[in-house]
Trainee: 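What follows is a single structure, and I will ask about it in a moment.
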Amino acid sequence: MSKAWICANNYGTTEVVFADTKRRAKSYLRCTESFEDYMCNDIYPERAQVLDYLGHNDGYIMDWHKDDDRIALVKHIYSGCLPDSNDECESCCAKEWCSKYK
């Protein structure tokens, strides 16, 4: 079963990817727009065990624009929606768990 990894680059961009190992997590992310210009040494993965229950396949990268992924990220990783989100709070699927929604 794949494990969840939250990975950051030097600019603070983060992605959550499912992979068996830290090395594979880095490899999968190098194929994304956010990480394509980074060498493996410039990607910093940490385990996100709290998301393992999702049971995604190896190589799955969580997508902020998918409702189920957003809810899991807000509920377990971030305390609220990301600052660059253009969604209205009233229509956001994660508002129940968002610290910014009041």
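The figures here come from the full heavy-atom set of this structure, side chains too, leaving out hydrogens, waters and symmetry mates. Everything numeric in this text was worked out from a predicted model, so none of it was measured.
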Trainee: Looking at every non-hydrogen atom in both residues, tell me the closest pair between Asp58 and Ala19 and how far apart they are.
Mentor: OD1-CA, 2.8 Å
Trainee: Establish whether Tyr60 and Tyr28 are linked, either directly or via other cluster members, by ILVMFWY side-chain heavy-atom contacts under 4.5 Å.
Mentor: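 Different hydrophobic clusters.
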Trainee: Using side chain to side chain donor-acceptor pair (under 3.5 Å) as the criterion, list what pairs up with Tyr11, not counting sequence neighbours.
Mentor: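 Side chain to side chain donor-acceptor pair (under 3.5 Å) check on Tyr11 returns nothing, list empty.
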Trainee: Quick check on Glu36: does its CD atom have over 12 non-hydrogen neighbours (other residues, nucleotides or ligands) under 6.0 Å away?
Mentor: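 Result for CD/Glu36: enclosed.
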Trainee: Minimum heavy-atom separation for Ser34 to Asn9, with atom names?
Mentor: O-ND2, 3.4 Å
Trainee: For the NZ atom on Lys22, are there more than 12 heavy atoms of other groups (residues, nucleotides or ligands in this structure) within a distance under 6.0 Å?
Mentor: no
Trainee: I need the Cys98 SG to Glu96 CD distance, nearest 0.5 Å.
Mentor: 11.5 Å
Trainee: May I ask you to decide if Cys40's main-chain N or O and Lys26's side chain share a donor-acceptor pair within less than 3.5 Å?
Mentor: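 Yes.
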Trainee: Nearest 0.5 Å please: distance from the CD atom of Glu15 over to the CD atom of Glu33.
Mentor: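 Answer rounded to 0.5 Å: 10.0 Å.
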Trainee: Does Arg47 have more than 12 heavy atoms from other residues, nucleotides or ligands lying within 6.0 Å of its CZ?
Mentor: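 Buried by this count: over 12 neighbours within 6.0 Å.
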Trainee: Any link between Ile61 and Trp64 through a network of hydrophobic side chains (Ile, Leu, Val, Met, Phe, Trp, Tyr) touching at under 4.5 Å?
Mentor: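 No; tracing contacts between hydrophobic side chains, which count when under 4.5 Å, never links both residues.
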Trainee: Which atoms form the tightest heavy-atom contact between Tyr78 and Ile6, and what is the distance?
Mentor: OH-CD1, 4.4 Å
Trainee: So if you build clusters from Ile, Leu, Val, Met, Phe, Trp, Tyr with side-chain heavy-atom gaps below 4.5 Å, do Ile43 and Val16 land together?
Mentor: no
Trainee: Please name the pair of heavy atoms, one in Val50 and one in Ile77, separated by the smallest distance, quoted to 0.1 Å.
Mentor: CG1-CD1, 4.0 Å
Trainee: So with a 6.0 Å cut-off around CZ of Arg30, is the heavy-atom count from everything else above 12?
Mentor: yes
Trainee: To the nearest 0.5 Å, what is the distance between CZ (Arg70) and NE2 (His65)?
Mentor: 7.0 Å
Trainee: Under the criterion side chain to side chain contact (heavy atoms under 4.5 Å, CB included), which of Val17, Leu54, Asp68 is the partner of Met62?
Mentor: Leu54
Trainee: Considering only Ile, Leu, Val, Met, Phe, Trp and Tyr, and joining two whenever side-chain heavy atoms are under 4.5 Å apart, list the other residues clustered with Tyr44.
Mentor: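 Grouped by the 4.5 Å side-chain rule, Tyr44 forms a cluster of one, so the answer is none.
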Trainee: Could you tell me which non-hydrogen atom of Asp52 sits nearest to which non-hydrogen atom of Ala4, and how far apart they are?
Mentor: OD1-N, 2.7 Å
Trainee: Write down the atom of Ser2, the atom of Phe18, and the distance for their closest heavy-atom approach.
Mentor: CB-CB, 3.9 Å
Trainee: Distance only, no hydrogens: is a donor on one side chain within 3.5 Å (strictly under) of an acceptor on the other, for Tyr38 and Asn10?
Mentor: no
Trainee: Same cluster for Trp5 and Tyr53 if Ile/Leu/Val/Met/Phe/Trp/Tyr side chains link at under 4.5 Å?
Mentor: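 Cluster IDs for Trp5 and Tyr53 differ.
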Trainee: Roughly how far apart are Ile71 CD1 and Trp97 CH2, rounded to 0.5 Å?
Mentor: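 The CH2 atom of Trp97 is 4.5 Å from CD1 of Ile71, to the nearest 0.5 Å.
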